[in-house]
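All ligand and atom numbering here is 1-based and tracks the order in the structure.
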Amino acid sequence: MTIVLKTENLNKAYRFGGFINRVKINALDEVNLTVESDEPVIISLVGESGSGKTTLAKVMLRLVEPSSGRAIIYDHLVAGEGAKPSKHEFLSTVQPIFQNPFEAFSAYRTIDAYLMSTATRIKGLGRSEAEAAIEEALTSVGLKYADVLGKYPNQFSGGELQRVSIARALIPHPKMIIADEPVSMIDASLRMNIVNLFLSLKETYNTSFLYITHDLATAYYVSDYIAVMYRGTIVEFGTARGILTNPQHPYTQLLLDSIALTDRKWERTTYVASDIEAKEFQFTGCRFRNRCPLAEEICTHERPAPVVQHDGREVYCHFASSSTVTLENVG
Ligand SMILES: Nc1ncnc2c1ncn2[C@@H]1O[C@H](COP(=O)(O)OP(=O)(O)O)[C@@H](O)[C@H]1O
Ligand SMILES: [Mg+2]
């Protein structure tokens with residue numbers, strides 16, 4: 001099977017603070033994820049603010065160097081020692097969509113000029129071919145060339161501009177689009193439109209998505225696989241259906257309960273690491289142990305290794321059973 005995405009012992013440490021109160025945060029701590037599929041897939045990466053989601057996205061997009069480890073997207077080594085794909089090759093493999101579309105485009109450049117340079121530079125197309133490619137990409141997100149011609153970013157709504165940035169990402173026909181919180185700045189009423197768009201683009205363009213979100217509801221709706229992160233570590237990985245119907249890690253269970261009860265989002269606009277959070281990053285054992293109803297002595301000094309269940313689910317908990325019968329299995 002084709003490797004869609006794979007990380008091997010991926011680590012990223014940030015150091016900050018002064019001479020006395022120096023803090024090191026392992027924003028990615030031995031992250032091992034493997035998704036193999038011959039079909040395009042949508043993988044959601046979920047977790048509350050400060051769990052390391054953006055750091056993982058940035059490593060995959062070559063915006064941040066990992067401290068150690070490797071990352072592979074569609075057989076291309078994109079991060080880690082030896083990762084040197086040409087810029088062109090890289091951009092035609094993976095494309096980003098960011099949280100704030102207004103930051104993704106320069107305010108002083110028309111949208112059509114922007115799309116044109118993506119098509120001619122990255123895709124290497126001549127002008128008329130480029131126009132056709134742009135038209136096609138815009139059509140697939142429900143827009144027309146005439147809608148963008150001569151317009152600047154501030155002439156669009158956030159939802160429209162996010163569509164444009166999706167169209168831009170599609171122009172090189174990437175194997176994967178990495179979308180970091182792509183709907184969190186968009187009107188709640190329009191979010192499902194964008195998420196539905198990912199589903200249809202997966203089919204029409206054969207593009208896989210790494211969809212990063214703190215919104216579990218849309219994650220369940222859209223994804224084939226879900227990885228749950230907590231303080232730089234993966235706590236659970238599996239099929240979306242398996243995780244939704246039968247969460248195994250206490251943290252995933254907590255997340256699901258909190259959705260069911262209040263439909264609450266975890267959104268926090270500006271992110272500042274709290275003392276408690278920074279402390280959890282220093283834990284040698286399980287980082288979730290202080291909030292965990294199951295925690296025992298072993299959790300303070302031993303990092304849980306993944307327990308792999310029969311359906312391929314990986315649960316990073318000392319108390320996960322390797323023989324759990326899941327609904328996947330029964331039904
Ligand atoms: N450039 C940076 N310098 C120092 N610490 C950072 C930096 N970027 C992120 N962090 C820290 O790494 C942790 C993970 O952050 P991030 O990857 O942004 O998580 P998420 O996207 O899940 O909110 C947080 O504690 C954050 O404060
Ligand atoms: Mg983030």
Report task. Assess the side chains of Asp215 and Thr213: does a donor N or O sit below 3.5 Å from an acceptor N or O? Result -> no
**Report entry** Sub-2.8 Å protein N, O or S atoms surrounding the Mg ion (ligand 2)
**Finding:** Thr54 OG1
Requested in this report: Report yes or no: does a heavy atom of Ser49 sit under 4.0 Å from some atom of ligand 1?
Outcome: yes
Query raised in the report: Which atoms of ligand 1 are found less than 4.0 Å from any heavy atom of Phe281?
Result: 13 (C), 25 (O)
Report summary line: Under 4.0 Å from one or more heavy atoms of Glu48, ligand 1 contributes atoms 22 (O)
Query raised in the report: Arg231 side chain to Arg287 main-chain N or O, any donor-acceptor pair under 3.5 Å?
Result: no
Query raised in the report: Under the salt bridge (charged side-chain N to carboxylate O under 4.0 Å, His left out) rule, what pairs show up with a residue in residues 298-307, not counting sequence neighbours?
Result: Asp29-Arg303
Report task. Using atom types as modelled and distance alone, determine if a side-chain donor or acceptor of Ser165 lies under 3.5 Å from a backbone N or O of Ile97. Result -> no
Query raised in the report: Are Asn11 and Ser67 close enough that a side-chain donor and a side-chain acceptor fall under 3.5 Å?
Result: no
Query raised in the report: Under a heavy-atom criterion of less than 4.0 Å, does His214 contact ligand 1?
Result: no
Query raised in the report: Is there at least one pair of N or O atoms, one from Phe16 and one from ligand 1, spaced under 3.5 Å apart?
Result: no
Report task. Measure centre to centre between the rings of Tyr316 and His249, then say whether the value is under 6.0 Å. Result -> no
Query raised in the report: Hey, is Ile25 touching ligand 1 through its side chain, its backbone, both or neither, going by heavy atoms under 4.0 Å?
Result: side chain
Report summary line: Atoms of ligand 1 under 4.0 Å from any heavy atom of Ser51, numbered from 1 in the order shown, are 19 (O), 20 (P), 22 (O)
Query raised in the report: Are Asn246 and Gln248 close enough that a side-chain donor and a side-chain acceptor fall under 3.5 Å?
Result: yes
Query raised in the report: Side chains of Tyr211 and Thr218: do they bring a donor and an acceptor to under 3.5 Å?
Result: yes
Requested in this report: With sequence neighbours left out, write down each residue that passes ring pair (Phe, Tyr, Trp, His ring centres under 6.0 Å) with Phe156, or none if nothing qualifies.
Outcome: none
Query - Gly50 N/O under 3.5 Å from ligand 1 N/O - result: yes
Query raised in the report: Residues in side chain to side chain contact (heavy atoms under 4.5 Å, CB included) with Phe319, at least two apart?
Result: Leu294, Glu296, Ile298, Cys299, Cys317
